[in-house]
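Report on the structure given below.
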Amino acid sequence: MAGAVEAFVARLLEKGRPKQSDSDDFREEMKGLLLPEESRAKFFEVFAAETALSSGDSLGVLFKYCVFPGLESLDDDVQLAAVLVLDQCVRDALPTELRWYAVPLYEFLLIALTVRDNQKLLAAAMKVAFETSEKLENKRTLRPDFFRFMERLLEYATHATEGASLTYGATMAPFVTSMGIHTTKYLSSMLPWLLGLVSKGVLMGGYIAGNDLEIDQKWDMKLGCVRTLKAALTSCWPCLSEPEYEKTKENIIAAICRGALATRSTKVVGRDEAPPSPGQQAVWKEYIAVAKLVKGLSPLGWYEATIEDHIIAPLLARKVSDDSSFVTTLRLVQSLQEAFPRED
């Protein structure tokens with residue numbers, strides 16, 4: 001293996017090497033980096049030993065002949081290898097070194113983030129994209145490159161297929177937290193998408209199948225989507241607390257009630273009498289946390305919500321007319337109260 005890695009590094013450093021992202025040799029060499037992590041460590045060790053360039057210039061060679069061609073490859077395994085190499089580069093490089101390549105990094109990351117329905121690759125690319133953006137950006141500035149990147153990423157996420165959309169939603173929370181109050185600019189497109197994700201159960205029909213690892217992964221994905229919604233609401237509370245957003249808050253409550261009730265009724269195939277799994281319980285608790293947050297979205301209630309033990313009584317105490325759209329929401333909340341009895 002060591003000889004193959006050394007040969008790969010030698011070819012990377014050849015003068016005049018063409019950038020061939022889909023040549024057979026390149027694909028096989030990149031796939032070799034998907035072997036155990038020691039192989040990737042060996043790759044960087046050999047690369048550092050063979051090049052006399054400064055660290056920043058070494059990054060340029062890696063990006064031009066390894067990372068960028070790999071990210072634009074049509075082979076999922078090659079793309080995943082390039083994402084893993086970029087992950088190592090981001091961890092080892094200084095922020096000032098990475099900033100030399102900020103614009104092309106964002107462009108090629110978007111290529112990896114618009115993959116086909118390969119959830120493993122997409123999740124890895126989202127993780128590396130966030131870590132890269134955190135190192136690239138100085139949060140004391142306006143971060144124009146980051147927000148241009150986010151506009152395009154959110155456009156991809158909101159128009160993705162069901163499987164990819166779920167992965168985007170489950171991994172988007174760190175980006176939303178990083179945007180902070182600027183999330184309000186994208187709330188009109190994000191909110192309907194997120195409410196659609198959180199209002200569904202893990203699978204339609206009330207049953208999920210698979211081994212324990214697969215089932216836990218499904219619950220983790222759902223938990224990630226609810227946390228992304230929570231991050232968006234936390235960042236956008238100044239505008240959502242305005243009276244004109246009352247209907248929006250009712251829609252949010254209705255969506256999380258539907259999602260929570262679907263979560264409660266979900267059973268594992270062949271285990272109808274089994275108690276809720278830790279993943280299922282974690283999703284329930286996150287739904288309740290989001291409901292408390294929405295209840296507190298008023299000028300005075302925001303801080304109160306952080307210490308409220310329950311949201312049901314204040315909501316049921318609200319006087320509404322029979323023809324109010326809030327009646328439907330209250331019925332859902334009542335069902336939620338039955339599903340989640342208060343713990344003393």
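Put simply, CG on Leu153 and CZ on Arg148 are 15.0 Å apart, with the number rounded to the nearest 0.5 Å. Taking CD1 from Ile256 and CG from Leu194, the interatomic distance works out to 12.5 Å, rounded to the nearest 0.5 Å. Summarising the geometry, atom CG belonging to Leu229 is positioned 9.0 Å from atom OH belonging to Tyr287; distances are rounded to the nearest 0.5 Å. Residue Leu94 holds its CG atom at 10.0 Å from CZ of Arg99, rounded to the nearest 0.5 Å. In this structure, CD on Glu107 lies 9.5 Å from CG on Asp145, to the nearest 0.5 angstrom. Here Arg91 contributes atom CZ and Thr132 contributes atom OG1; the two are 11.0 Å apart, rounded to the nearest 0.5 Å.
Using a 4.0 Å cut-off between charged nitrogen and carboxylate oxygen, Glu131 and Lys135 do not count as a salt-bridge pair. Checked for salt-bridge contact, Lys222 and Glu286 miss the test: no charged N lies under 4.0 Å from a carboxylate O.
Annotation: Leu142, atom CG; neighbour count of heavy atoms from other residues, nucleotides and ligands within 6.0 Å does not exceed 12.
The backbone N or O of Pro174 sits nowhere less than 3.5 Å from a side-chain atom of Ser178 that would complete a donor-acceptor pair. In this structure, Ser189 contributes its side chain and Tyr186 its backbone to a donor-acceptor pair below 3.5 Å. With Thr183 contributing its side chain and Cys236 its backbone, the two residues share no donor-acceptor pair below 3.5 Å. Between the side chain of Thr167 and the main chain of Gly163, a donor-acceptor pair closer than 3.5 Å is present.
Partners of Glu28 under the salt bridge (Lys or Arg N to Asp or Glu O under 4.0 Å) rule, at least two apart in sequence or in another chain, do not exist in this structure.
Closest approach of Cys89 to Leu62, counting heavy atoms only: SG-CD1, 3.8 Å. When all heavy atoms of Cys66 and Val85 are compared, the closest pair comes out as SG-CG1, 4.3 Å. Contact between Ser165 and Ala160 at its shortest, heavy atoms only, is N-CB, 3.8 Å. The two residues Leu113 and Leu122 have their closest heavy-atom pair at O-CD1, 3.8 Å. Glu72 approaches Ile111 most closely through the heavy-atom pair CA-CG2, 3.9 Å. The heavy-atom pair separating Ser235 from Gly180 by the smallest distance is CB-O, 3.1 Å.
No side-chain heavy atom of His182 sits less than 4.5 Å from a side-chain heavy atom of Met150. With a 4.5 Å cut-off on side-chain heavy atoms, Tyr168 and Trp193 count as touching. Put simply, the side chain of Lys230 does not reach to within 4.5 Å of the side chain of Val226, judged on heavy atoms. Inter-residue side-chain proximity for Lys127 and Val83 is flagged as unmet; no heavy-atom pair is nearer than 4.5 Å. Side-chain atoms of Leu86 and Leu105, non-hydrogen and from C-beta on, do get closer than 4.5 Å to each other. Side chains of Leu154 and Met172 form a contact here, defined as non-hydrogen atoms less than 4.5 Å apart. Residues Asp75 and Met30 fail the side-chain proximity criterion, which asks for heavy atoms closer than 4.5 Å. Asn138 has its side chain out of reach of Arg143: every pair of non-hydrogen atoms, C-beta onward, lies at least 4.5 Å apart.
Across Tyr101, Phe149, Phe68, Phe147, a single residue satisfies ring-ring contact (aromatic ring centres under 6.0 Å, His included) together with Tyr106, and that is Phe149.
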